[in-house]
Amino acid sequence: MANSAQARKRARQALKQRAHNASLRTAFRTAVKKVIKAVEAGDKAAAQAVFQASTKVIDRIADKGVFHKNKAARHKSRLSAQVKAMAA
């Protein structure tokens, strides 16, 4: 365990940051699942609206460094392709 006061403080901070990052990762996954669910439902207009909202969430989380920007871009690209492939 941490022996110095500085190390103890960093351990406390790490726990707090880990919990925060975990909630952001959960929000990321939820946003992706919402788009997939909307695509499977078959309503293209609704899927586009959910995709727009999810894109903002994904970008915000990538900006914080929780996920790499390329990972966020890859997810957005694949979701966009799914939405565009839907029959109108």
Side-chain angles (χ1 to χ4, degrees):
M1 188 56 203
N3 290 322
S4 66
Q6 175 186 2
R8 284 192 295 271
K9 180 177 179 181
R10 288 302 297 166
R12 286 194 310 270
Q13 289 175 327
L15 281 175
K16 189 173 180 181
Q17 190 61 44
R18 181 170 166 257
H20 184 251
N21 286 343
S23 71
L24 292 176
R25 280 192 299 273
T26 301
F28 181 95
R29 293 185 190 119
T30 302
V32 170
K33 286 178 188 175
K34 280 183 181 178
V35 177
I36 292 170
K37 189 174 180 180
V39 168
E40 289 173 350
D43 186 1
K44 188 167 185 173
Q48 285 174 331
V50 172
F51 174 70
Q52 289 291 329
S54 294
T55 298
K56 293 176 184 177
V57 172
I58 291 169
D59 282 335
R60 189 172 66 244
I61 293 170
D63 285 341
K64 292 177 189 291
V66 177
F67 287 113
H68 195 278
K69 287 188 182 259
N70 288 357
K71 179 182 173 96
R74 181 175 67 243
H75 278 275
K76 289 191 311 185
S77 175
R78 289 177 181 173
L79 291 173
S80 175
Q82 288 179 6
V83 171
K84 286 181 181 178
M86 293 177 70

Practice task
Provide the closest heavy-atom pair for Lys44 versus Lys84 in the form atom of the first, atom of the second, distance.
Solution key: NZ-O, 3.5 Å
Handout entry: Backbone of Ala22 reached by a side-chain donor or acceptor of Thr26 within 3.5 Å
Key = yes
Practice task
Can you establish whether the number of heavy atoms outside Arg74 located under 6.0 Å from its atom CZ is more than 12?
Solution key: yes
Practice task
Provide the closest heavy-atom pair for Arg25 versus Arg18 in the form atom of the first, atom of the second, distance.
Solution key: NH2-O, 4.5 Å
Fill in the blank from the handout: Closest non-hydrogen atoms of Val32 and Ile58, given as atom of the first, atom of the second and distance, are CG2-CD1, 4.1 Å
Problem - Contact summary for Gln82 and Val39, nearest pair of heavy atoms - result: O-CG1, 4.2 Å
Exercise for the section: Answer yes or no: does atom NZ of Lys34 have more than 12 heavy-atom neighbours from other residues, nucleotides or ligands under 6.0 Å? Expected result: no
Problem - N-O pairing of Asp59 and Lys69 below 4.0 Å - result: no
Handout entry: Minimum heavy-atom distance Ala31-Ser54, with the two atoms named
Key = O-OG, 3.0 Å
Handout entry: Crowding at CD, Gln6 (>12 non-hydrogen neighbours, <6.0 Å)
Key = no
Practice task
Would you indicate whether the side-chain heavy atoms of Thr30 and Val57 approach each other to under 4.5 Å?
Solution key: no
Exercise for the section: Quick one: pull up NZ in Lys76 and NZ in Lys56 and give me the separation to the nearest 0.5 Å. Expected result: 12.0 Å
Problem - Aromatic contact, His75 with Phe67 (centres under 6.0 Å) - result: no
Exercise for the section: Indicate the atoms forming the closest heavy-atom contact of Ile61 with Phe28, along with that distance. Expected result: CD1-N, 3.7 Å
